[in-house]
Undergrad: 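One structure, as structure tokens, below. Some questions next.
What you see below is based on every heavy atom in this structure, not just the backbone, and it leaves out hydrogens, waters and symmetry mates.
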Amino acid sequence: MDVTTPATAPWLIVGLGNPGPEYAMNRHNVGFMVADLLAERIGGRFKRAGKAQAQVVEGRIGPVGPAGRRVVLVKPMSYMNLSGGPANALRDFYKVPTAQIVAVHDELDIDYGTLRLKLGGGDNGHNGLKSMTKAMGPDYHRVRCGIGRPPGRMQVADFVLKDFSSAERKELDWFVDRAADAVECLVTEGLERAQGSYNS
């Protein structure tokens with residue numbers, strides 16, 4: 001009988017976003033953007049994950065060969081506020097310890113282009129995190145991608161569901177690339193090293 005241990009279980013990297021082309025370039029979808037780049041880096045393509053309402057890519061991050069860490073990249077297809085259901089189903093399917101789950105998401109309370117990594121914590125009003133925490137508790141990693149606060153009196157919901165501005169888009173590729181680097185560092189070298197290299 002196969003027994004999955006933390007050493008053999010994959011890491012579950014959950015990019016948070018909303019499915020559909022109309023949301024693709026929204027600030028709220030930066031988690032999907034990072035997941036797409038990570039899939040490209042490992043040479044995989046997202047496919048429907050059986051009965052789970054999600055798309056997944058399986059592969060390895062880090063050194064080539066068996067020394068690389070197994071990862072499952074996930075894009076929930078349930079819309080942001082229901083992300084926890086698909087993520088939890090895949091956690092159960094792959095037998096992943098909660099400490100080997102990473103949510104990649106937009107963060108209002110951090111300036112645009114800034115990253116912060118942490119383990120556990122609250123949801124800060126983020127509906128994707130709220131859903132994940134309800135499904136599996138708070139003790140998963142977060143790669144928080146700063147998008148800044150809405151200008152003037154713009155409502156938060158309107159701000160996160162708008163596309164990145166033309167000024168922001170000039171830095172977006174660099175930002176997504178750096179966030180993907182941070183995820184890889186977290187998985188291969190641990191939280192402390194990743195925080196030291198990428199928290200700003």
Undergrad: Not counting sequence neighbours, list each pair that qualifies as a side-chain hydrogen bond (donor to acceptor under 3.5 Å, both in side chains) and has a residue in residues 148-157.
TA: D109-R149
Undergrad: Counting only heavy atoms not in F93, do more than 12 fall under 6.0 Å of its CZ?
TA: no
Undergrad: Quick one, I13 and V74 - any side-chain contact, counting heavy atoms below 4.5 Å?
TA: no
Undergrad: Using only atom types and a distance under 3.5 Å, with no angle test, would you say the side chain of Q100 pairs donor to acceptor with the backbone of P10?
TA: yes
Undergrad: Among pairs that include at least one residue of residues 123-148, which meet salt bridge (Lys or Arg N to Asp or Glu O under 4.0 Å), considering only residues two or more places apart or in two chains?
TA: E107-R144
Undergrad: If I compare all heavy atoms of G121 with all of P138, which pair ends up nearest, and what's the gap?
TA: O-CB, 3.6 Å
Undergrad: What closest approach, in Å, do A182 and L115 show between heavy atoms, and which atom pair accounts for it?
TA: CB-CD1, 4.2 Å
Undergrad: Once you round to the nearest 0.5 Å, how far does CD1 of I147 lie from CG of D106?
TA: 4.5 Å
Undergrad: So do Q55 and K47 actually touch side chain to side chain, heavy atoms under 4.5 Å?
TA: no
Undergrad: Is there a side-chain contact between Y140 and V14 (heavy atoms, below 4.5 Å)?
TA: no
Undergrad: Starting from the C-alpha separation in whole Å, work towards a yes-or-no answer on side-chain contact (heavy atoms from CB on, under 4.5 Å) for H105 and M132.
TA: CA-CA 12 Å; H105 64 92; M132 283 187 63; over 6 Å; no
Undergrad: Under 4.5 Å between side-chain heavy atoms, chaining through other members, with only Ile, Leu, Val, Met, Phe, Trp and Tyr counted: pull out the rest of the cluster around I110, sorted by chain and number.
TA: none
Undergrad: Taking only residues two or more places apart in sequence, or in another chain, which ones meet F175 in a ring pair (Phe, Tyr, Trp, His ring centres under 6.0 Å)?
TA: Y112
Undergrad: Taking C-beta and beyond as the side chain, do M80 and V160 meet within less than 4.5 Å on heavy atoms?
TA: no
Undergrad: Kindly give the heavy-atom pair with the smallest separation between P76 and A54, and that separation in Å.
TA: CA-CB, 4.0 Å
Undergrad: Establish whether L82 and L129 are linked, either directly or via other cluster members, by ILVMFWY side-chain heavy-atom contacts under 4.5 Å.
TA: no
Undergrad: Are side-chain heavy atoms of T114 and S200 found at a separation under 4.5 Å?
TA: yes
Undergrad: Residues two or more places apart in sequence or in another chain: which of them pass salt bridge (Lys or Arg N to Asp or Glu O under 4.0 Å) with R169?
TA: none
Undergrad: Can you tell me which residue pairs pass the side-chain hydrogen bond (donor to acceptor under 3.5 Å, both in side chains) test with a partner in residues 174-188, sequence neighbours excluded?
TA: R41-D177, R41-D181, R41-E184
Undergrad: So which heavy atom on A35 is nearest to which on L73, and how close?
TA: O-CD1, 3.9 Å
Undergrad: Tell me the salt bridge (Lys or Arg N to Asp or Glu O under 4.0 Å) pairs involving residues 8-21, sequence neighbours left out?
TA: none
Undergrad: Report the distance from atom CD of E192 to atom SG of C185, rounding to the nearest 0.5 Å.
TA: 11.0 Å
Undergrad: Under the side-chain hydrogen bond (donor to acceptor under 3.5 Å, both in side chains) rule, collect the residues that match up with R91, sequence neighbours excluded.
TA: N88, T98
Undergrad: Can you check whether M33 reaches F164 side chain to side chain, under 4.5 Å on heavy atoms?
TA: yes
Undergrad: Please give the remaining members of the hydrophobic cluster of F32, linking ILVMFWY side chains under 4.5 Å, ordered by chain and number.
TA: M77
Undergrad: For residues A103 and L16, report the shortest heavy-atom separation together with the two atoms involved.
TA: CB-CD1, 4.4 Å
Undergrad: Okay, side chain of N199, backbone of L117: is any donor-acceptor separation there less than 3.5 Å?
TA: yes
Undergrad: So which atom in K118 and which in Q195 form the shortest heavy-atom distance, rounded to 0.1 Å?
TA: CA-NE2, 3.9 Å
Undergrad: With sequence neighbours left out, what residues match E168 under side-chain hydrogen bond (donor to acceptor under 3.5 Å, both in side chains)?
TA: R27, S165
Undergrad: Less than 4.5 Å apart, any side-chain heavy atom of W11 and any of H141?
TA: yes
Undergrad: So, taking the atom named CG in N29 and the one named CD in E22, what distance separates them when rounded to the nearest 0.5 Å?
TA: 9.5 Å
Undergrad: Does the side-chain hydrogen bond (donor to acceptor under 3.5 Å, both in side chains) test come out yes or no for Y94 and E58, once each step is laid out?
TA: CA-CA 11 Å; Y94 288 101; E58 296 183 47; 2.8 Å; yes
Undergrad: Answer whether the closest heavy-atom distance between the side chains of L108 and P150 falls below 4.5 Å.
TA: yes
Undergrad: Return yes if some donor-acceptor pair links the side-chain N/O of R193 with the main-chain N/O of L186 below 3.5 Å, else return no.
TA: no
Undergrad: Apply salt bridge (Lys or Arg N to Asp or Glu O under 4.0 Å) to E40 and list each qualifying residue two or more places apart in sequence or on a separate chain.
TA: none
Undergrad: Considering residues at least two apart in sequence or located in another chain, which fulfil the side chain to side chain contact (heavy atoms under 4.5 Å, CB included) criterion with Y79?
TA: N18, P19, Y23, N81
Undergrad: Given V102 and L12, is the side-chain contact (heavy atoms from CB on, under 4.5 Å) satisfied, shown in steps?
TA: CA-CA 6 Å; V102 183; L12 203 66; over 6 Å; no
